[in-house]
Amino acid sequence: MTLHFVSLKNMIMIATVALLPQAAVNASAQNSAQVNVPFAFVANHHAVPAGYYQVISSDTTLTLISANSGKALAMLLIRPEYADAIETQGRLSFQLSGGRHILTEVQFAGSSKHSRLLGQPKRERQVASNPESTAATVELAMK
(Lines give C-alpha, C1' and ligand atoms only; values in the text may rest on other atoms or scores of the structure.)
Protein backbone atom coordinates (compact mmCIF):
# COMPACT_ATOMS: atom_id res chain seq x y z
CA MET A 1 0.00 0.00 0.00
CA THR A 2 2.84 2.39 0.85
CA LEU A 3 4.57 1.71 -2.47
CA HIS A 4 1.32 2.47 -4.34
CA PHE A 5 0.93 5.77 -2.43
CA VAL A 6 4.53 6.81 -3.24
CA SER A 7 3.95 5.98 -6.90
CA LEU A 8 0.78 8.06 -6.99
CA LYS A 9 2.55 10.93 -5.24
CA ASN A 10 5.35 10.83 -7.84
CA MET A 11 2.86 10.86 -10.73
CA ILE A 12 1.10 13.93 -9.28
CA MET A 13 4.46 15.67 -8.83
CA ILE A 14 5.51 14.91 -12.43
CA ALA A 15 2.16 16.13 -13.79
CA THR A 16 2.43 19.35 -11.78
CA VAL A 17 5.95 20.06 -13.05
CA ALA A 18 4.93 19.24 -16.63
CA LEU A 19 2.01 21.70 -16.49
CA LEU A 20 3.99 24.63 -15.05
CA PRO A 21 5.12 26.00 -18.46
CA GLN A 22 1.49 26.00 -19.67
CA ALA A 23 0.38 27.86 -16.54
CA ALA A 24 3.13 30.44 -17.06
CA VAL A 25 2.00 31.07 -20.65
CA ASN A 26 -1.62 31.55 -19.54
CA ALA A 27 -0.58 33.84 -16.69
CA SER A 28 1.52 36.01 -19.00
CA ALA A 29 -1.40 36.68 -21.35
CA GLN A 30 -2.84 39.79 -19.76
CA ASN A 31 -6.60 40.20 -19.68
CA SER A 32 -6.80 43.26 -17.42
CA ALA A 33 -5.38 46.75 -17.85
CA GLN A 34 -5.97 50.36 -16.84
CA VAL A 35 -6.58 53.34 -19.08
CA ASN A 36 -7.40 57.02 -18.74
CA VAL A 37 -9.99 58.04 -21.34
CA PRO A 38 -10.05 61.86 -21.60
CA PHE A 39 -13.35 61.98 -23.51
CA ALA A 40 -16.85 60.53 -23.23
CA PHE A 41 -17.49 57.62 -25.59
CA VAL A 42 -20.05 55.07 -26.72
CA ALA A 43 -19.52 51.31 -26.37
CA ASN A 44 -22.17 48.85 -27.58
CA HIS A 45 -24.85 51.55 -27.30
CA HIS A 46 -23.76 52.48 -23.72
CA ALA A 47 -22.75 56.09 -23.09
CA VAL A 48 -19.61 56.06 -20.94
CA PRO A 49 -18.19 59.23 -19.36
CA ALA A 50 -14.56 60.26 -19.53
CA GLY A 51 -12.51 58.78 -16.72
CA TYR A 52 -9.93 56.33 -15.47
CA TYR A 53 -10.99 52.69 -16.01
CA GLN A 54 -9.88 49.17 -15.35
CA VAL A 55 -10.65 47.07 -18.42
CA ILE A 56 -11.19 43.34 -17.84
CA SER A 57 -11.70 40.84 -20.65
CA SER A 58 -13.13 37.33 -20.72
CA ASP A 59 -13.82 35.13 -23.72
CA THR A 60 -17.05 36.92 -24.66
CA THR A 61 -17.27 40.09 -22.56
CA LEU A 62 -15.37 43.22 -21.72
CA THR A 63 -16.03 44.97 -18.41
CA LEU A 64 -15.27 48.63 -17.72
CA ILE A 65 -14.80 49.41 -14.02
CA SER A 66 -14.45 52.99 -12.79
CA ALA A 67 -11.15 53.32 -10.92
CA ASN A 68 -12.64 56.14 -8.82
CA SER A 69 -15.80 54.41 -7.60
CA GLY A 70 -14.92 50.74 -8.17
CA LYS A 71 -18.31 50.22 -9.86
CA ALA A 72 -18.71 48.34 -13.11
CA LEU A 73 -20.08 50.85 -15.62
CA ALA A 74 -20.53 48.55 -18.58
CA MET A 75 -20.32 44.89 -19.53
CA LEU A 76 -19.88 44.68 -23.27
CA LEU A 77 -20.17 41.77 -25.68
CA ILE A 78 -17.07 41.16 -27.80
CA ARG A 79 -16.00 39.01 -30.71
CA PRO A 80 -12.45 37.71 -30.20
CA GLU A 81 -10.11 37.63 -33.19
CA TYR A 82 -6.54 36.37 -33.15
CA ALA A 83 -3.54 37.76 -35.04
CA ASP A 84 -0.14 36.21 -35.71
CA ALA A 85 1.83 38.72 -33.65
CA ILE A 86 1.69 39.30 -29.90
CA GLU A 87 1.18 42.97 -29.06
CA THR A 88 3.69 44.70 -26.80
CA GLN A 89 1.37 47.60 -25.95
CA GLY A 90 -2.30 47.34 -25.00
CA ARG A 91 -4.72 49.83 -26.55
CA LEU A 92 -8.31 50.94 -26.99
CA SER A 93 -9.36 51.90 -30.52
CA PHE A 94 -12.15 54.40 -31.10
CA GLN A 95 -13.89 55.39 -34.32
CA LEU A 96 -14.64 59.12 -34.46
CA SER A 97 -17.99 59.61 -36.16
CA GLY A 98 -20.42 62.51 -35.98
CA GLY A 99 -18.49 64.10 -33.13
CA ARG A 100 -18.74 60.94 -31.02
CA HIS A 101 -16.01 58.48 -30.04
CA ILE A 102 -17.17 54.88 -30.51
CA LEU A 103 -15.11 52.13 -28.87
CA THR A 104 -14.52 49.50 -31.55
CA GLU A 105 -11.60 47.32 -30.42
CA VAL A 106 -9.48 46.42 -27.38
CA GLN A 107 -6.02 44.87 -27.52
CA PHE A 108 -4.16 43.71 -24.39
CA ALA A 109 -0.37 43.70 -24.13
CA GLY A 110 1.16 40.23 -24.24
CA SER A 111 -1.69 38.78 -26.28
CA SER A 112 -2.53 38.18 -29.93
CA LYS A 113 -6.25 38.46 -29.14
CA HIS A 114 -8.13 41.47 -30.49
CA SER A 115 -11.53 42.03 -28.89
CA ARG A 116 -13.94 43.68 -31.32
CA LEU A 117 -17.09 45.10 -29.80
CA LEU A 118 -20.48 43.93 -31.05
CA GLY A 119 -23.61 46.02 -31.27
CA GLN A 120 -22.25 49.13 -32.93
CA PRO A 121 -24.88 51.43 -34.41
CA LYS A 122 -25.49 50.78 -38.10
CA ARG A 123 -23.96 54.07 -39.25
CA GLU A 124 -20.73 53.34 -37.37
CA ARG A 125 -20.57 49.78 -38.78
CA GLN A 126 -20.84 51.19 -42.30
CA VAL A 127 -18.14 53.77 -41.65
CA ALA A 128 -15.85 51.16 -40.08
CA SER A 129 -16.31 48.73 -42.98
CA ASN A 130 -15.61 51.38 -45.65
CA PRO A 131 -11.83 51.91 -45.85
CA GLU A 132 -12.34 54.98 -48.07
CA SER A 133 -14.37 56.80 -45.43
CA THR A 134 -13.07 59.97 -43.83
CA ALA A 135 -13.77 58.79 -40.28
CA ALA A 136 -10.79 59.11 -37.97
CA THR A 137 -9.50 56.46 -35.60
CA VAL A 138 -8.22 57.35 -32.13
CA GLU A 139 -6.07 54.94 -30.11
CA LEU A 140 -5.31 55.15 -26.37
CA ALA A 141 -2.53 53.14 -24.72
CA MET A 142 -3.41 50.95 -21.73
CA LYS A 143 -1.15 50.30 -18.77
Side-chain angles (χ1 to χ4, degrees), residues 4-143:
H4 184 69
F5 179 72
V6 170
S7 190
L8 179 62
K9 182 179 167 185
N10 286 339
M11 285 192 305
I12 291 172
M13 182 68 89
I14 290 169
T16 302
V17 170
L19 293 174
L20 280 176
Q22 180 66 26
V25 168
N26 286 338
S28 68
Q30 186 178 4
N31 64 356
S32 176
Q34 297 177 353
V35 63
N36 184 28
V37 182
F39 45 79
F41 61 98
V42 176
N44 283 0
H45 306 291
H46 293 283
V48 182
Y52 191 67
Y53 295 98
Q54 180 176 7
V55 182
I56 301 173
S57 177
S58 72
D59 289 339
T60 58
T61 62
L62 189 72
T63 305
L64 300 175
I65 299 173
S66 171
N68 296 332
S69 68
K71 293 183 181 180
L73 293 183
M75 184 172 278
L76 312 166
L77 292 175
I78 57 171
R79 181 184 71 222
E81 295 180 1
Y82 294 89
D84 293 333
I86 293 176
E87 295 290 330
T88 57
Q89 176 66 51
R91 71 178 187 283
L92 297 178
S93 296
F94 298 87
Q95 190 77 35
L96 185 57
S97 177
R100 298 186 310 161
H101 291 85
I102 297 101
L103 180 62
T104 57
E105 183 178 345
V106 178
Q107 170 69 49
F108 289 94
S111 173
S112 63
K113 178 181 167 184
H114 294 254
S115 300
R116 297 197 188 273
L117 274 74
L118 300 178
Q120 296 177 15
K122 184 176 180 183
R123 185 180 72 200
E124 281 76 17
R125 281 197 313 261
Q126 290 173 340
V127 169
S129 67
N130 183 359
E132 299 170 3
S133 70
T134 58
T137 300
V138 176
E139 292 186 353
L140 295 177
M142 293 193 298
K143 299 175 187 175

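Using modelled atom types, one side-chain atom of Thr104 and one backbone atom of Ser93 make a donor-acceptor pair closer than 3.5 Å. For Gln107 (side chain) and Lys113 (main-chain N/O), a donor-acceptor pair under 3.5 Å exists by modelled atom type. Here the side chain of Gln89 pairs a donor or acceptor atom with the backbone of Met142 at under 3.5 angstrom.
The two residues Leu62 and Ser57 make their nearest non-hydrogen contact at CD1-CB, 3.9 Å. When every heavy atom of Ala43 is checked against every heavy atom of Leu117, the shortest pair comes out as CB-CD2, 3.9 Å. Nearest heavy-atom pair across Gly51 and Asn36 is O-OD1, 3.4 Å. Between Ile78 and Ser58 the shortest heavy-atom distance is CD1-O, 3.7 Å.
Atoms CD1 and CG, from Ile102 and Leu96 in turn, are 7.0 Å apart once rounded to the nearest 0.5 Å. Between the CD1 atom of Ile65 and the OH atom of Tyr52 there is a distance of 13.0 Å, given to the nearest 0.5 Å.
By the 4.5 Å heavy-atom criterion applied to side chains, Leu76 and Thr63 are not counted as neighbours.
Pairs of residues two or more places apart, or lying in two chains, that qualify as ring pair (Phe, Tyr, Trp, His ring centres under 6.0 Å) and include a residue from residues 69-106 are Phe39-Phe94, Phe39-His101, Phe41-Phe94.
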Audit row: Val48, Val42, side chain to side chain contact (heavy atoms under 4.5 Å, CB included) steps and yes/no: CA-CA 6 Å; Val48 182; Val42 176; over 6 Å; no

Side chain to side chain contact (heavy atoms under 4.5 Å, CB included) assessment of Gln95 paired with Thr137: CA-CA 5 Å; Gln95 190 77 35; Thr137 300; 3.9 Å; yes

